[in-house]
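Notes for the one structure printed next.
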Amino acid sequence: MGVLAKYVKQPSERKRYQISYVNWLDTGEQVDSVSFAVDKITSPPLVIDGVQNTPDGVGVQYYASGGVNGTSYIVTATLDTNTGPQVKEDEIYFSVRSNP
């Protein structure tokens, strides 16, 4: 499992992010679905939603919102492809921090 990215966001932000799998997929293979799991349950939670495949079929975009100021989260993204049985897992690190 690799680390895809590290992001910093404010608790009040809802930001869009994107993952491209173009360099990992085989020729003709496309993203079937990507699911996300957050490693910590907090109040308010870090929420990953609005997940949709990119129009070219080789990526996914999603939104991240919420989270507790001063908390770091690890989000696991699990990719399933249209040709199966390929499955890929990656981690995305989010640090939630308010501006001083």
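Counting from 1, the numbers follow the sequence of the chain as shown. All values derive from a computational prediction rather than experimental measurement.
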Checklist entry - Who are the side-chain contact (heavy atoms from CB on, under 4.5 Å) partners of P11, not counting sequence neighbours? => result N69, V96, S98
Checklist entry - Is the closest side-chain heavy-atom distance between V47 and R14 below 4.5 Å? => result no
Checklist entry - Is there side-chain contact between K15 and F94, with at least one heavy-atom pair below 4.5 Å? => result no
Next on the checklist: Can you see whether T83 engages E29 through a side-chain donor-acceptor pair at a distance of less than 3.5 angstrom?
Outcome noted: yes
Item to check | Exceeds 12 heavy-atom contacts within 6.0 angstrom, atom NZ of K40 | outcome: yes
Checklist entry - When rounded to the nearest 0.5 angstrom, what is the spacing between NZ in K88 and CG in L25? => result 9.5 Å
Next on the checklist: Quick check: closest heavy atoms across S43 and V68, and the distance to 0.1 Å?
Outcome noted: O-CG2, 3.7 Å
Checklist entry - If you round to the nearest 0.5 Å, how far is CZ of R97 from OG1 of T71? => result 10.5 Å
Checklist entry - Any chain of hydrophobic side-chain contacts (each under 4.5 Å) joining Y93 to V8? => result no
Checklist entry - Say you draw a straight line from OG of S35 to CG of L79; how long is it, rounded to the nearest 0.5 Å? => result 9.0 Å
Checklist entry - Just checking, any donor-acceptor pair under 3.5 angstrom between side chains of Y21 and T81? => result no
Next on the checklist: Please give me the minimum heavy-atom distance between V31 and N53, naming the atom from each residue.
Outcome noted: O-ND2, 3.2 Å
Next on the checklist: Working to the nearest 0.5 angstrom, can you tell me the gap between Q52 CD and Y63 OH?
Outcome noted: 7.0 Å
Checklist entry - So, do T76 and D39 sit near enough that their side-chain heavy atoms are less than 4.5 Å apart? => result no
Next on the checklist: Can you give me the closest heavy-atom contact between P44 and Y73, atom names plus distance?
Outcome noted: O-OH, 4.1 Å
Item to check | Residue pairs, two or more places apart or on separate chains, that pass ring pair (Phe, Tyr, Trp, His ring centres under 6.0 Å) and touch residues 38-59 | outcome: none
Checklist outcome for this item: Closest non-hydrogen contact found for I48 with Y62 is CG2-CD1, 3.8 Å
Next on the checklist: If you compare all heavy atoms of Q61 against all heavy atoms of T54, which two are closest, and at what distance to 0.1 Å?
Outcome noted: N-CG2, 4.3 Å
Checklist entry - Is there a chain of hydrophobic side chains (I, L, V, M, F, W, Y, each step under 4.5 Å between heavy atoms) that links Y7 to I74? => result no
Checklist entry - Can W24 be reached from V87 by stepping across I, L, V, M, F, W or Y side chains whose heavy atoms are under 4.5 Å apart? => result no
Next on the checklist: When you measure from the side chain of N82 to the backbone of Q30, do you find a donor-acceptor pair of N or O atoms at a distance under 3.5 Å?
Outcome noted: yes
Checklist outcome for this item: Closest non-hydrogen atoms of L46 and V75, given as atom of the first, atom of the second and distance, are CD2-CG2, 3.8 Å
Checklist entry - Under a 4.5 Å cut-off applied to non-hydrogen side-chain atoms, are Y17 and I92 in contact? => result no
